[in-house]
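Reminder, nothing fancy here: chain letters follow the sequence lines and each chain counts from 1. Excluded from the calculations below are hydrogen atoms, water molecules and symmetry mates; all remaining heavy atoms, backbone and side chain alike, are included.
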Amino acid sequence: MRLATWNINSVRARLPIVDQLITTQAPDVLCLQETKVQDQLFPRDFFRERGYVHMAIRGQKGHHGVATLSRVPFEGSGHIDWCGKGDARHVSIRLSGGAAVHNFYVPAGGDEPDPAVNEKFAHKLSFLDEMIAWSKDLKDPSIMVGDLNVAPAPEDVWSHKQLLKVVSHTPVETDAMGRLQAAHGWVDAVRTHHPLPEKLYSWWSYRARDWSASDRGRRLDHVWISPALDGKTTGLTILRDARGWEKPSDHVPILVDLDM
DNA sequence: ATGGTAGCGAAGCTA
């Protein structure tokens with residue numbers, strides 16, 4: 001089974017390159033973040049026509065939004081209302097066989113990395129704290145994917161030194177990511193297949209003159225699996241090329257092949 | 001130190 005995760009920064013604006021991903025990579029399960037559309041306006045027919053007839057969609061007007069589209073049936077879906085804000089930042093499905101797929105869009109956190117003056121950063125830290133508590137109690141074999149908006153290791157950013165005070169790579173965030181990983185024994189499947197110290201990015205700003213030449217990227221998108229599923233991933237690709245596609249997202253897809 | 005781009009939805013906010 002092949003699973004893809006992708007922050008597409010508007011599903012409606014990105015249909016041509018979603019089609020390109022489906023045609024060239026043929027994922028069975030597609031986890032999208034930042035769909036930026038209300039559920040009644042979600043392009044269901046587009047996915048249905050391409051065989052993704054099983055859909056778990058959770059959107060809201062204008063911002064955020066996640067969706068998991070699948071060619072293989074799933075047994076149920078759900079979501080958690082993180083921080084009690086009603087944001088569409090998480091949707092889960094249960095695959096036949098029992099494994100859950102949790103699709104996340106963690107808050108970006110604004111610009112100022114101080115929770116005392118920036119409520120968006122405080123929200124991000126609270127969200128991560130709730131994920132830690134949830135992970136401690138998590139029993140089911142699970143796959144957690146999505147835009148976690150944290151680049152944990154020095155090799156996950158273009159310049160560790162220059163990003164230490166930039167939201168996404170501050171010590172308080174990377175520490176939280178470490179505690180999140182430990183809380184369930186999450187295995188970072190990207191690093192299983194592309195170990196440190198290889199530099200890896202999944203996001204490049206729209207604001208660069210030449211994203212590829214400057215290559216100032218960050219690894220914000222993740223595929224984590226339960227210890228019980230360790231060894232079930234047979235391959236994993238960060239599709240850097242997609243950043244150069246026509247009218248791209250600022251994030252690229254991650255593809256993981258699972259023996260299950 | 002600053003500003004650069006993109007999407008939503010129709011001005012400014014978020015990223």
Side-chain angles (χ1 to χ4, degrees), chain A residues 5-21 31-44 46 57-67 82-83 85-90 103-115 117-128 145-152 156-159 161-170 172-174 176-177 201-222 240-254:
Chain A
T5 179
W6 194 8
N7 178 325
I8 43 170
N9 185 22
S10 166
V11 65
R12 289 175 292 177
R14 232 54 78 192
L15 289 181
I17 60 170
V18 171
D19 195 37
Q20 193 168 345
L21 179 77
C31 298
L32 303 176
Q33 303 89 37
E34 276 209 271
T35 52
K36 293 188 171 179
V37 65
Q38 301 167 87
D39 291 351
Q40 65 266 31
L41 297 176
F42 192 92
R44 285 181 173 77
F46 172 91
I57 297 165
R58 196 160 130 71
Q60 67 184 82
K61 188 183 173 89
H63 300 289
H64 320 319
V66 288
W82 303 90
C83 302
K85 290 174 71 82
D87 286 348
R89 293 184 176 276
H90 169 244
N103 177 1
F104 277 95
Y105 175 52
V106 171
D111 287 331
E112 180 61 49
D114 179 355
V117 299
N118 173 9
E119 65 182 37
K120 290 201 277 287
F121 194 68
H123 177 216
K124 182 178 196 174
L125 297 181
S126 297
F127 196 106
L128 292 170
V145 304
D147 178 3
L148 303 187
N149 262 317
V150 179
D156 295 328
V157 292
W158 66 274
S159 168
K161 190 177 174 186
Q162 289 183 252
L163 288 175
L164 272 171
K165 292 180 177 174
V166 174
V167 171
S168 72
H169 193 62
T170 64
V172 63
E173 293 167 273
T174 56
M177 284 286 274
Y201 315 134
S202 66
W203 172 90
W204 293 261
S205 172
Y206 281 127
R207 299 175 190 178
R209 288 187 194 87
D210 184 334
W211 72 272
S212 186
S214 56
D215 202 21
R216 295 186 169 190
R218 306 177 201 171
R219 189 168 74 100
L220 304 178
D221 302 276
H222 297 271
R240 180 186 169 105
D241 284 359
R243 186 62 180 79
W245 287 353
E246 187 78 19
K247 206 170 177 243
S249 170
D250 45 356
H251 297 252
V252 298
I254 300 175

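- At whole-Å resolution of the value, CG in Asn9(A) and C1' in dC13(B) are 14 Å apart.
- Here the P atom of nucleotide dT14(B) and the CD atom of Gln60(A) are 12 Å apart, to the nearest Å.
- Salt-bridge formation is not detected for the pair Arg243(A)/Asp215(A): no Lys NZ or Arg NE/NH1/NH2 atom is positioned less than 4.0 Å from an Asp or Glu carboxylate oxygen.
- Atoms CG (Asp250(A)) and P (dG7(B)) sit 9 Å apart, rounded to a whole Å.
- Of the two residues contacting DNA chain B, namely Gln38(A) and Gly109(A), the nearest-nucleotide position lying further toward the 5' end is that of Gln38(A).
- Closest to the side chain of Ala13(A), from the set dG9(B), dA15(B), dC8(B), is dC8(B).
- Toward the 5′ end of DNA chain B lies the nearest nucleotide of Leu41(A), the other residue of the pair Leu41(A) and His251(A) mapping further downstream.
- Note: NE2 (His123(A)) to C1' (dA15(B)) measures 15 Å, nearest angstrom.
- Comparing the C1' positions of dA15(B) and dG4(B) gives a spacing of 13 Å, expressed to the nearest Å.
- One can place CG of Asp111(A) at 13 Å from P of dC13(B), the figure rounded to the nearest angstrom.
- Straight-line distance from the NE2 atom of His63(A) to the P atom of dG9(B): 8 Å, rounded to whole Å.
- Residue Gln40(A) qualifies as enclosed at atom CD: its count of foreign heavy atoms under 6.0 Å is above 12.
- Comparing the P positions of dT5(B) and dA10(B) gives an interatomic distance of 24 Å, to the nearest angstrom.
- Rounded to whole Å, atom C1' of dC13(B) lies 14 Å from atom CG of Asn118(A).
- The residue Arg14(A) sits close only to the backbone: its heavy atoms come under 4.0 Å of sugar-phosphate atoms, none of a base.
- dG3(B) and dC8(B) are spaced 26 Å apart, taking the P atom of each and rounding to whole Å.
- Residue Lys61(A) places none of its side-chain N or O atoms closer than 4.0 Å to OP1 or OP2 of dC8(B).
- Partners of His123(A) by side-chain hydrogen bond (donor to acceptor under 3.5 Å, both in side chains), not counting sequence neighbours: none found.
- For Glu119(A), the CD atom counts as loosely surrounded, since its 6.0 Å shell holds 12 or fewer non-hydrogen atoms of other residues, nucleotides or ligands.
- Nucleotides dT14(B) and dG9(B) have their C1' atoms positioned 13 Å apart, rounded to a whole Å.
- The distance between atom NZ of Lys36(A) and atom P of dA6(B), rounded to the nearest whole Å, is 12 Å.
- Among the heavy atoms of the strands lying under 4.0 Å from Arg12(A) are primed sugar atoms or P, OP1, OP2 only; no base atom is included.
- At a threshold of 4.0 Å, the pair Arg89(A)-Asp87(A) counts as salt-bridged, since one of the basic side-chain nitrogens sits closer than that to a carboxylate oxygen.
- Comparing dT2(B) with dG7(B), their P atoms are spaced 27 Å from each other, to the whole Å.
- The only option from Asn103(A), Asn7(A), Thr5(A), Asn9(A) that meets the side-chain hydrogen bond (donor to acceptor under 3.5 Å, both in side chains) definition with Asp147(A) turns out to be Asn7(A).
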Protein and nucleotides 1-4 of chain B: nitrogen or oxygen contacts under 3.5 angstrom:
from	atom 1	to	atom 2	distance (Å)
dG4(B)	O6	Arg207(A)	NH1	3.0
dG4(B)	N1	Arg207(A)	NH1	3.1

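- Using modelled atom types, one side-chain atom of Arg14(A) and one backbone atom of Lys247(A) make a donor-acceptor pair closer than 3.5 Å.
- In this model, the phosphate group of dG7(B) is approached by a side-chain N or O of Lys247(A) to a distance below 4.0 Å at OP1 or OP2.
- His222(A) is linked by a side-chain hydrogen bond (donor to acceptor under 3.5 Å, both in side chains) to nothing, counting only residues two or more places apart in sequence or in another chain.
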